[in-house]
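Working notes for the structure below.
Reminder, nothing fancy here: chain letters follow the sequence lines and each chain counts from 1.
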Number of protein chains: 6
Amino acid sequence: MRPSGRKLDQMREVSVEVGFTKHAEGSALIKMGDTHVLCTASIEPRVPPFIKGSGLGWVTAEYGMLPRATNTRMRREATSGKQGGRTVEIQRLIGRSLRAGVDRVALGERQITIDCDVLQADGGTRCASITGGWIALRLAVNKLMKAGDVISDPMLDPVAAISCGIYAGQPLLDLDYPEDSEAGVDGNFIMTESGKMIETQMSAEGSTYSRAQMNELLDLAEKGIAELTAIQRAACA
Amino acid sequence: MRPSGRKLDQMREVSVEVGFTKHAEGSALIKMGDTHVLCTASIEPRVPPFIKGSGLGWVTAEYGMLPRATNTRMRREATSGKQGGRTVEIQRLIGRSLRAGVDRVALGERQITIDCDVLQADGGTRCASITGGWIALRLAVNKLMKAGDVISDPMLDPVAAISCGIYAGQPLLDLDYPEDSEAGVDGNFIMTESGKMIETQMSAEGSTYSRAQMNELLDLAEKGIAELTAIQRAACA
Amino acid sequence: MRPSGRKLDQMREVSVEVGFTKHAEGSALIKMGDTHVLCTASIEPRVPPFIKGSGLGWVTAEYGMLPRATNTRMRREATSGKQGGRTVEIQRLIGRSLRAGVDRVALGERQITIDCDVLQADGGTRCASITGGWIALRLAVNKLMKAGDVISDPMLDPVAAISCGIYAGQPLLDLDYPEDSEAGVDGNFIMTESGKMIETQMSAEGSTYSRAQMNELLDLAEKGIAELTAIQRAACA
Amino acid sequence: MRPSGRKLDQMREVSVEVGFTKHAEGSALIKMGDTHVLCTASIEPRVPPFIKGSGLGWVTAEYGMLPRATNTRMRREATSGKQGGRTVEIQRLIGRSLRAGVDRVALGERQITIDCDVLQADGGTRCASITGGWIALRLAVNKLMKAGDVISDPMLDPVAAISCGIYAGQPLLDLDYPEDSEAGVDGNFIMTESGKMIETQMSAEGSTYSRAQMNELLDLAEKGIAELTAIQRAACA
Amino acid sequence: MRPSGRKLDQMREVSVEVGFTKHAEGSALIKMGDTHVLCTASIEPRVPPFIKGSGLGWVTAEYGMLPRATNTRMRREATSGKQGGRTVEIQRLIGRSLRAGVDRVALGERQITIDCDVLQADGGTRCASITGGWIALRLAVNKLMKAGDVISDPMLDPVAAISCGIYAGQPLLDLDYPEDSEAGVDGNFIMTESGKMIETQMSAEGSTYSRAQMNELLDLAEKGIAELTAIQRAACA
Amino acid sequence: MRPSGRKLDQMREVSVEVGFTKHAEGSALIKMGDTHVLCTASIEPRVPPFIKGSGLGWVTAEYGMLPRATNTRMRREATSGKQGGRTVEIQRLIGRSLRAGVDRVALGERQITIDCDVLQADGGTRCASITGGWIALRLAVNKLMKAGDVISDPMLDPVAAISCGIYAGQPLLDLDYPEDSEAGVDGNFIMTESGKMIETQMSAEGSTYSRAQMNELLDLAEKGIAELTAIQRAACA
């Protein structure tokens, strides 16, 4: 039995509130159980130097966590003077994952920055950020298309992410914090609606895993991604 | 006429949602019109070195703004490697103001950190932070008292804050962003429910003001503080 | 009785030595009792990006304190890698106050930076910085006018600053360090020679104040500003 | 055909020079083709705060690249004032991977830091760092055992890492830089000698991959890991 | 002929004002022509970790320059977030030089920090800092001896410093800024009153020098040091 | 007798491996006994702002030490967020010394950066960096000349550096780490093949030295420089 009481292949309840803030070109508050992430998309005309003049667009992401999003207060990264290693790693992953779902030629030479700020954390914040970030991105691109700034839709298949892990020898879908901190193996799976894979990360801490176990987690992930992409479509409809 | 269409002495609509996040000992999402600030209170056993062993408590504050809380995206302070001057100034003001409403002997040797994170900004974020921060603080202290960790209530009169300004020669209560950016003089007034003053800040940018005008703004502020402290009491009831 | 032995409304002795350093376009060593601040004005052709091309000038300030300006040695800000919160707050106040006394159109598109470096501290360093900074600014502008680079005098009324506080229930003018560290309420008042107000800051630490008390301090401040602006005029004559 | 002229499943030539530097408790210069990484292991009695007093050991890693290890000179991280996101991500991966091959109870409460410094880069530096880092770690642990400081061997199965990727539709083993920069999908596979998996990272940039392709890369990786762990054993014999 | 009109072996006029600031245990404003440096000595009970418990004392130095000490305003090091390379190099030299003149056993386990802050610069600031720093140090040690905290005088021979250089083929004593910026070779010579050498630094920029020229500069330096140590003795009498 | 067993005027064995890394325009691994420094030269078209458009070239240097180049592991400068004072001082010395051996007109408006990274340290790393850095520079300039980018050879006399010191009252050539840490006086002498002097640095720590002793060290240094420049010529032949 899972600490959460959920079935092995049962996701937490997911809700999405689009337009949570008014200034951003796209915004969504995504809740996966007690993990709440505010995702905003900001369109800027400038692109990074390495693609200037190429005609290609860029999607990048930044990730943050409010100091008391967690059980004990963490030091604010702005006061410690830098982003921690975990933060940097997560925001690089979010950016990479969302770019995989975008036709950068169709987007045109502009940058969209996805800010994912965790208001409350209970495990799986990077996955919620990717899933919610895609919604914010989709909404911002809708605005560009409505304004005629972008003609052909640059958004490919919806992109979502889900964590799976091995807990007490059992494969679990969508780990919450208590499950995650006890799991010997956990993985993040980023896929498109049609099941194409974008990124796979599976780590063992103080443990190892077999290819058979890896395949079990991949099966679970495919199930979760299907549910999440349906929710994404519904939220943006 | 004000850009907002409000009467000269009319505040924006205020709403408070307590318990917005679950981990913090006290939390509140305060909305003053389109300015939305998430305030959390975190209790920690350690106090700053300069009062260690004194038996006195401490209340401090940190302030942040999400990158897209504003009309154009601002650089995340964690990536620029430091808190800007405005941020530092505001969080010092919040801490100072809230400490004035606390009996530090009754609080006992512990620290409460108030985090004020602006999710959406439309002027008056520092005042909303103080007003909402007091609510988070009150809720956290309630928990300490319920647990028997604090016996005598350390919370004095409610503390609230409101901005006033001179716009087109007229004194206005509770400036929103468009009003604030046009006002030649603006002030922040931090007072207790019973009208005692804790902090007064009045600045002219490219302008000056007379003592008579200062008194007009003080009158307006007293009216606003009375309304805000009633809302604080209702939210914590 | 005050710790300093001064009368309630008596300022410390003030002296000004203009031209204390030779490179700056304007310089003055101002002494308010044992508080000694070296103020220099540096003229630069470039202005901040947000007013580039506007034809308007800019006045800004930086504030520093030598490590042993105080009773115990403080860490040098250059070695700690950043300016502290108090430093940032003070230099923003100095800049804002001096700008209020300048016609930025008449100044023309150039920047004058006022550096205020405290050689010895005994309370009231921010006020001495503003009062002495105005002198350095006046001298630098004189040079611009003499050279024909500025035609119409951009300097409006002299701007000065004075602290007042409530000590043992009594309103005091111009707090020195021992008085300041005991005062429950203290304020900084920045005004022009003709009594127009530019900035008012009044804070209570572990205390509150009434509007009546605020008015008493304002009366004292007006007396002090009159004395200081007379000294400024004499120094620049 | 691969740009390198190698067969699809052919690794670059690998050589290891143990004892390359004299001060470290373990050191090895590993060359995978033109990628040269100096790995050193430093034993320290202190452990991180979160395991102090637990009796458990810790293995951590730091990664660096000399400014001219690459085709064009990169800015030295010490002068830019911080480690870049890529550096932080890589060194976290190295530490995590090597810890998975260590019995932390048997190691005892001490820390071993693996420094991986890239002298020359041609793709696959993180994999070479893990493979070479394991050798340095093994040598340092040998010293502890010889000195009787550690009784039971804490080193589990050898840990090695190899990259694979999809290039022009073909699965390739051990990408060099020209191959890596053209590959639409690349992955890093960290496994033990006996084929247990520790970490899997597979990313698509501007592309996606199927589960079938993932399995092809896993097959290649298993082949590479077998060759690398044989080299590790030989180097430490 | 020198740009300054001085004779080849003629120092600038030197004046010393001891007790320039009141808080420091020792302080002196030294003027070597237009180079003005405020030197303060601060006694602290703590010593650096590497000599804790050794019974030995420590003397260290920090160096700073006010932003407008120079002809054009320099960026304040506290705002740029770090001390520049030149600053670090100079303060290490000052500390090393002054330590050479102190019996660290007699000083006892305490630290004296010499702060050298350049109020106005016209060449030779590091030499003026050492010469003035010694005076501040001597005065602080006098206080320790008077209080009975130090019994045997730890101050050995006075330590002073002077620059010499080769300008238009001629050896010059005590270069001012215009001379220094034109000299192909310049050196700093730190010696004791009795002519013992502590530190020699001679550099050519875009040029070289012979041993014969080096000896000429050493002769000049000995003359200058004799004059400076006489001034030091007089100032501390 | 020296701890190393060498004769007073005997250098450590020196070896040079040119072309140690493939990307740099010039590279050499220099070993002076157990001190091993990897020197690379990188040619860049841009020059520092202060010589832009002058037609003059620039040579600069950066210095680093791998964390475990020394007997106990040092903190990596990239993680501590800045280069230490010793690092900055050494790299300024290397740059200054190498520039003295270059005709900057003949070099033309380009910058060559010499990176000196200490792989293993046993005293004298700055001298090995200068001597090895000159070789890397010579090789890079050879490439420029071969390509016809530079016509007239900008390399003047070879530049080398050697340390000398006074140990147990005896003058020693080329101190290794155990000798250096016991020497009361040590110096670094940078000269050209023909005996012209570029930089002299002689320091006493807790000691002093006479002019006679300085001359003895200069004699030793001249002998060492002659041997080193012969090795440089041979390595580049």
*Does OH in E/Tyr167 sit with more than 12 non-hydrogen atoms of other residues, nucleotides or ligands closer than 6.0 Å?*
yes
Most contacts with chain E, counted as non-hydrogen pairs under 4.5 angstrom, among [options]:
options: F/Arg211, F/Arg99, F/Met191; answer: F/Arg211
options: F/Lys196, F/Arg92, F/Arg86; answer: F/Arg92
options: F/Ser210, F/Gly85, F/Ser97; answer: F/Gly85
options: F/Glu89, F/Glu222, F/Met197; answer: F/Met197

*Select one option (side chain, backbone, both, neither) describing which atoms of E/Asp103 are under 4.5 Å from chain F's heavy atoms.*
neither
Non-hydrogen atoms of chain E under 4.5 Å away: do they reach the side chain of [X], the backbone, both or neither?
X: F/Met214; answer: side chain
X: F/Asn188; answer: neither
X: F/Gln91; answer: neither
X: F/Lys82; answer: neither
X: F/Ser203; answer: both
X: F/Ser207; answer: backbone

*Pick from E/Ile198, E/Asn215, E/Val185: which one has the most heavy-atom pairs with chain F under 4.5 Å?*
E/Ile198
